[in-house]
Amino acid sequence: MKQAIYQQFVAKKQQGKKSFAVLVDPDKVDAAKIEELVQLAVSAKVDYFFVGGSLVISNHLDECIQQIKQSCSIPVILFPGSPSQLSKYADALLYLSLISGRNPELLIGQHVISAPFVRKSGLEIMPTGYMVVDGGAPTTVSYISNASPIPADKNEIALCTAMAGEMLGMKLIYMDAGSGAKRAITEDMIEKVAKNIEIPLIVGGGITTPEKAYLNCKAGADIIVVGNAIEKDSHLIAEISAAIHSVPVIA
Ligand code: 1GP
């Protein structure tokens with residue numbers, strides 16, 4: 001099985017280097033917008049593109065990824081809202097199990113159905129413990145998954161969920177307050193989780209400023225994901241990227 005991008009995640013974590021992932025929802029971008037995003041991302045030294053959305057209604061996922069791949073060498077990682085959101089043109093797949101929820105379909109059911117397609121895709125597969133944390137607004141993911149998020153102030157639930165995910169063999173933990181969350185995840189919760197797991201920690205949902213991205217990294221996030229704020233103002237890419245990459249490296 002391919003592991004190149006995951007090994008890069010692990011190596012960066014060991015070196016204390018933080019990464020920035022720009023989330024692209026194929027439903028919300030046209031070709032011109034993708035071109036603009038790619039140019040800004042290249043000049044801002046963005047580390048990864050995450051591509052996906054809770055609902056991808058349009059059918060141009062393949063085209064969207066191909067366009068990104070043709071214009072730059074930034075790895076493209078699928079962040080799918082459902083198993084049908086697969087594209088062989090991506091580099092890797094966050095193979096998400098919703099470990100904060102109690103919906104068996106999103107813990108294992110859909111994986112069983114999609115397993116042959118996922119295997120055949122040739123993508124690098126990254127088993128990811130996906131944890132939705134209450135961000136102050138009902139999110140598409142909570143509605144679709146019919147699963148309650150972890151309450152924003154219940155750090156111990158987040159911590160035990162992440163620990164269980166790691167011990168079950170997940171290779172990444174992704175803590176998400178949901179796209180467009182009113183309140184991003186607290187540094188307190190990030191710190192408690194980060195201190196108790198060894199695998200890389202991805203944090204996203206409601207991050208709208210360079211300061212918040214920086215503080216999340218200082219608290220222990222390894223990869224910061226931003227979607228909505230960039231959709232509203234694409235020039236934030238440079239500022240957020242600079243903030244994330246300015247976090248002092250602690251060897
Ligand atoms: C959502 O973590 C991502 O799944 C990004 O959230 O769109 O709020 O940046 P935003």
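One-based numbering, in listed order, for ligands and for the atoms of each.
In this structure, Phe20 has its ring center no closer than 6.0 Å to that of Tyr48.
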>> Under the criterion salt bridge (Lys or Arg N to Asp or Glu O under 4.0 Å), I'd like the reasoning laid out for Lys69 against Asp91: C-alpha separation, chi angles, the key distance, then a yes or no.
In response: CA-CA 9 Å; Lys69 296 297 298 173; Asp91 297 294; 2.7 Å; yes
> How far apart are the C-alpha atoms of Lys212 and Glu187, what are their side-chain angles, what is the distance that settles it, and do they pass the salt bridge (Lys or Arg N to Asp or Glu O under 4.0 Å) test?
Replying inline: CA-CA 9 Å; Lys212 181 68 185 163; Glu187 275 79 44; 2.7 Å; yes
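At a cut-off of 3.5 Å, with distance as the only test, no side-chain donor of Thr128 or Lys171 sits close to an acceptor on the other residue. Of the N and O atoms on the side chains of His245 and Asp47, at least one donor lies less than 3.5 Å from an acceptor on the other residue. Residues Gln70 and Tyr89 bring no donor and acceptor atom of their side chains to less than 3.5 Å of each other.
Of the protein's non-hydrogen atoms, Tyr174 OH, 3.6 Å is the one closest to atom 3 (C) of ligand 1. Remark: minimum distance from atom 9 (O) of ligand 1 to any protein heavy atom is reached at Gly227 N, 2.8 Å.
Every atom of ligand 1 with a heavy atom of Asp176 under 4.0 Å away is listed here by number and element: 1 (C), 2 (O), 3 (C), 4 (O). When each atom of ligand 1 is checked for a heavy atom of Val226 under 4.0 Å away, the hits are 9 (O). Atoms of ligand 1 lying under 4.0 Å from at least one heavy atom of Gly204, given by number and element, are 2 (O). Heavy-atom contacts of Phe79 reach the following atoms of ligand 1: 4 (O) (cutoff under 4.0 Å). Close contacts between ligand 1 and Gly205 involve ligand atoms 2 (O), 3 (C), 5 (C), 6 (O), 8 (O) [criterion: under 4.0 Å to a heavy atom].
Shown here for Ile207 and Ala213, the closest heavy-atom pair between the two residues is CG2-N, 4.0 Å.
Interatomic distance, Leu78 CG to Leu94 CG, rounded to the nearest 0.5 Å: 8.0 Å. Here CG of Leu96 is found 8.5 Å from OH of Tyr174. Values are rounded to the nearest 0.5 Å.
In terms of polar-atom proximity, Gly180 is counted as a contact of ligand 1, with an N or O under 3.5 Å from an N or O of the ligand. Close N/O approach between Val225 and ligand 1 is not found [any backbone or side-chain N/O within under 3.5 Å].
Contact between Phe50 and ligand 1 is absent, with no heavy atom of the residue lying under 4.0 Å from the ligand. By the 4.0 Å heavy-atom criterion, Ala229 is excluded from the residues contacting ligand 1.
Scanning Ala177, Gly52, Gly81, Ser179 for the heavy atom closest to atom 7 (O) of ligand 1 points to Ser179.
With a 4.0 Å cut-off on non-hydrogen atoms, Leu23 touches ligand 1 through its side chain and not its backbone.
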